[in-house]
Number of protein chains: 2
Amino acid sequence: MPLLYIRISRLYDKIIMYNYPMNLLKILKDNGYRITESRKLICDLLEKNIHFHFSAKELTLLINKKSEINIDQTTIYRTLDALEELGLLQHSHIPHKPAIYYLNNTDQNVHLICESCDKIVDISEQSVKSINSILKQNSNFNTINNNFVYIGKCKECL
Amino acid sequence: MPLLYIRISRLYDKIIMYNYPMNLLKILKDNGYRITESRKLICDLLEKNIHFHFSAKELTLLINKKSEINIDQTTIYRTLDALEELGLLQHSHIPHKPAIYYLNNTDQNVHLICESCDKIVDISEQSVKSINSILKQNSNFNTINNNFVYIGKCKECL
DNA sequence: ATCAGTGCAAATGGTTTGCAGCATC
DNA sequence: GATGCTGCAAACCATTTGCACTGAT
């Protein structure tokens with residue numbers, strides 16, 4: 001079933017909205033994580049595709065295609081976990097599909113993904129603010145963050 | 001990771017917003033599905049808990065506790081699929097948890113679920129309309145439906 | 001030298017599928 | 001009587017875990 005998912009990090013307070021360029025490796029290092037060859041490759045790919053949405057599998061394939069080294073999917077998951085733990089990354093679940101991971105960055109934190117053509121349309125920050133404010137006003141929830149992924153169908157595919 | 005998920009049914013055009021009382025069995029029958037003992041029990045439970053959110057496992061346990069018959073989880077999944085196919089039901093995925101299923105009904109189609117205490121807070125229909133209109137205005141997506149589940153943390157748990 | 005990170009294999013857990021028997025229409 | 005529905009077992013697939021080894025600090 002095509003759905004619409006929004007994700008709020010459990011580590012809401014920690015979430016960091018970066019403006020490009022991000023320096024993921026430096027942040028990992030500054031937080032006591034070790035810099036390894038795998039992490040260099042993963043962070044490099046993420047930084048070069050700052051607006052992309054990858055599944056763990058896609059990431060693994062992309063990285064292993066570009067490099068000589070063969071990085072295991074487990075390692076990818078563990079590095080993604082580390083980045084998420086630091087609030088640099090988030091992931092969302094799409095029914096019948098693997099989770100997609102994406103960076104937290106100021107410019108493009110709301111995405112509408114077309115379930116037919118995979119096109120990604122971004123929502124303006126202004127609109128996100130409006131939505132958040134509606135949600136806050138109407139509930140006693142205050143951990144509404146503005147990193148959303150909506151899945152629907154774009155006009156062209158209808 | 002605490003997240004916020006929104007789900008749009010793939011069968012958007014088919015989605016039926018019912019006012020209580022719903023007659024799930026009748027709709028199944030009218031659409032060529034057979035009425036069986038399992039389906040009676042499942043539909044009965046759903047109709048008696050019209051605002052609840054169940055995982056497939058919870059549903060199975062609840063039904064088997066109340067009846068003499070032992071209904072297999074597979075049967076639950078298949079009946080849920082049938083109801084979803086008819087636009088009577090939807091499901092959403094919460095990270096690290098099984099999917100939750102809930103009925104489509106007019107009154108309470110937006111839910112904020114607290115990840116700590118499982119409290120469910122409802123959002124007014126008015127607000128849902130505002131959010132939908134913001135999303136539509138800012139994109140070329142037009143299958144934004146108003147059956148949402150947001151997962152966050154309520155004020156009391158913060 | 002320590003201890004975090006890695007790869008591999010195996011486990012996990014939710015969901016789906018195949019199939020023979022049963023129940024509904 | 002035909003065929004949809006069921007239960008059981010097995011398959012599936014994304015993700016997680018255990019563990020011995022390797023590499024970063």
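Each chain gets a letter, A, B and so on, in the order its sequence line appears, and its residues count up from 1.
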Salt bridge (Lys or Arg N to Asp or Glu O under 4.0 Å): pairs with one or both residues in residues 23-38 of chain B, sequence neighbours excluded: Lys26(B)-Asp30(B), Glu37(B)-Lys40(B)
Sugar-phosphate, base or nothing in reach of Ser55(A), heavy atoms under 4.0 Å: nothing
Separation of Ile27(A) CD1 from Cys43(A) SG (nearest 0.5 Å): 9.0 Å
Heavy-atom side-chain proximity of Leu46(A) to Phe54(A) below 4.5 angstrom: yes
Glu47(A) side-chain N/O to Leu24(A) backbone N/O, donor-acceptor pair under 3.5 Å: yes
Gap between atom CG of Leu41(A) and atom CD1 of Ile63(A) - 0.5 Å precision: 6.5 Å
Partners meeting side-chain contact (heavy atoms from CB on, under 4.5 Å) with Lys66(B) (sequence neighbours left out): Leu45(B)
Taking every non-hydrogen atom, the tightest pair across Gln73(A) and Lys57(A): OE1-CA, 3.7 Å
DNA chain D contacts made by residues 69-83 of chain A, counting heavy atoms under 4.0 Å: Thr74(A), Tyr77(A), Arg78(A)
Verdict with supporting geometry, Asn49(A) and Leu62(A), side chain to side chain contact (heavy atoms under 4.5 Å, CB included): CA-CA 11 Å; Asn49(A) 294 279; Leu62(A) 278 169; over 6 Å; no
Leading and trailing nucleotides of DNA chain D with any atom under 4.0 Å from heavy atoms of chain A: dA14(D) to dT25(D)
Ile71(A) and Asn64(A), any side-chain heavy atoms less than 4.5 Å apart: yes
Joint hydrophobic cluster, Leu59(B) plus Ile69(B), side-chain heavy atoms closer than 4.5 Å: yes
Helix axis bend for the helix from dA1(C)-dT25(D) to dC25(C)-dG1(D) - C1'-based end axes, five pairs, 10° rounding: 30°
Minimum side-chain heavy-atom gap Leu83(B)-Leu28(B) below 4.5 Å: yes
DNA chain C: 5'-most and 3'-most nucleotides touching chain A, 4.0 angstrom heavy-atom criterion: dC3(C) to dT16(C)
Working for side chain to side chain contact (heavy atoms under 4.5 Å, CB included), residues Tyr33(A) and Leu86(A): CA-CA 11 Å; Tyr33(A) 291 89; Leu86(A) 293 174; 3.9 Å; yes
Whichever of Glu37(A) and Tyr101(B) has its nearest DNA chain C nucleotide further upstream toward 5': Glu37(A)
Where Glu84(B) and Leu89(B) come nearest, the two heavy atoms and their spacing: CG-O, 3.5 Å
